[in-house]
Amino acid sequence: MNRIVALIARLAGLAERVGNALQWLSPALARLTVGLVFLQSGWGKLHDLEKVTNYFTELGLAAPAFQARLASTTEFVCGGLLLVGFATRFAAVPLIVTMCVAIRTALWAQVDGIGSLVGLTEFAYIALLVWLGTNGAGPLSLDHLIARGWQHRAERTPAVASSRATT
């Protein structure tokens with residue numbers, strides 16, 4: 001019995017080490033997946049705004065031409081930001097709002113309970129976007145590079161405030 005417990009403990013330790021070594025992978029995959037989907041979707045919508053406007057008119061949305069431009073631009077710009085990992089936490093918010101509006105206006109008839117709601121692809125996007133918004137873009141991103149640059153700059157710059165306080 002002790003051998004089984006020891007084996008399980010070793011396997012758990014191995015799984016934890018592998019998981020820690022691959023922590024960069026989860027946010028990178030989430031950003032690339034969701035970012036590419038929204039970038040492509042926004043690009044397609046921007047190049048056929050009349051079709052999107054007509055669809056929004058059928059849904060009964062107010063100011064459908066404006067809404068079509070807004071949603072298309074949001075998807076394209078924020079999708080691109082996610083793709084490269086720049087301003088990830090900020091880019092996630094308008095995309096979450098866009099998906100909530102899409103669910104409520106276009107897909108709400110399909111929702112008859114929590115199971116059907118969480119089964120929607122749009123809900124999966126919301127879940128990934130919330131995760132990216134709370135955890136950030138990860139180490140394989142422009143956000144991370146910029147933060148490291150600011151950190152190194154702060155470490156090299158002498159404390160100006162403390163030198164002024166002594167004069």
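At distances below 3.5 Å, at least one donor-acceptor pair connects side-chain atoms of T57 with backbone N or O atoms of T53. Judged by distance alone, the side chain of T33 and the main-chain N or O of A30 form no donor-acceptor pair under 3.5 Å. With hydrogens and angles ignored, the 3.5 Å screen pairs a side-chain donor or acceptor of D143 with a backbone N or O of T88. Proximity of a side-chain donor or acceptor of R89 to a complementary backbone N or O of T134 within less than 3.5 Å is detected. Within the 3.5 Å criterion, the main-chain N or O of L140 finds no donor-acceptor partner in the side chain of H144. At distances below 3.5 Å, not a single donor-acceptor pair connects side-chain atoms of S26 with backbone N or O atoms of Q23. Within the 3.5 Å criterion, the main-chain N or O of L70 finds no donor-acceptor partner in the side chain of T73.
In terms of hydrophobic clustering, with Ile, Leu, Val, Met, Phe, Trp and Tyr side chains grouped at heavy-atom distances under 4.5 Å, L83 and I146 are assigned to a common cluster. A chain of hydrophobic side-chain contacts below 4.5 Å, direct or via other Ile, Leu, Val, Met, Phe, Trp or Tyr residues, connects V34 to L107. Side-chain heavy atoms closer than 4.5 Å link hydrophobic residues (I, L, V, M, F, W, Y) into clusters, and following such links, possibly through other members, connects L142 to L32. Under a hydrophobic clustering in which Ile, Leu, Val, Met, Phe, Trp and Tyr are joined whenever their side-chain heavy atoms come within less than 4.5 Å, directly or via other members, W131 and V37 fall into the same cluster. Connection of L36 to V77 is established within a shared hydrophobic cluster, with ILVMFWY side chains joined at heavy-atom distances below 4.5 Å, either directly or through further cluster members.
The shortest non-hydrogen separation linking R31 to V84 is NH1-C, 3.5 Å. Across all their heavy atoms, A137 and P27 have their closest contact at O-CB, 3.4 Å. The nearest pair of heavy atoms linking T74 to P94 is CG2-CB, 3.6 Å. Of all non-hydrogen atoms in T98 and E75, the two that sit nearest each other are CG2-OE2, 3.9 Å. Listed here is the closest heavy atom pair of I126 and M99: CG1-CB, 3.5 Å. Considering all non-hydrogen atoms of both residues, I103 and F123 come closest at CD1-N, 4.0 Å.
Taken to the nearest 0.5 Å, the CG atom of L120 stands 9.5 Å off from the CH2 atom of W108. Interatomic distance, CD of E122 versus CG of L117, reported as 10.0 Å (0.5 Å rounding). Separation of atoms CD (Q67) and OG1 (T105) is listed at 9.0 Å; rounding is to 0.5 Å. Considering CG of L132 and OH of Y125, their distance stands at 13.5 Å, rounded to 0.5 Å. Rounded to the nearest 0.5 angstrom, L7 CG and R3 CZ are separated by 11.0 Å.
Under the ring-ring contact (aromatic ring centres under 6.0 Å, His included) criterion, F56 pairs with no residue, sequence neighbours left out.
Looking only at side-chain heavy atoms (C-beta outward), L95 and L82 come within less than 4.5 Å of each other. Looking only at side-chain heavy atoms (C-beta outward), C100 and I96 come within less than 4.5 Å of each other.
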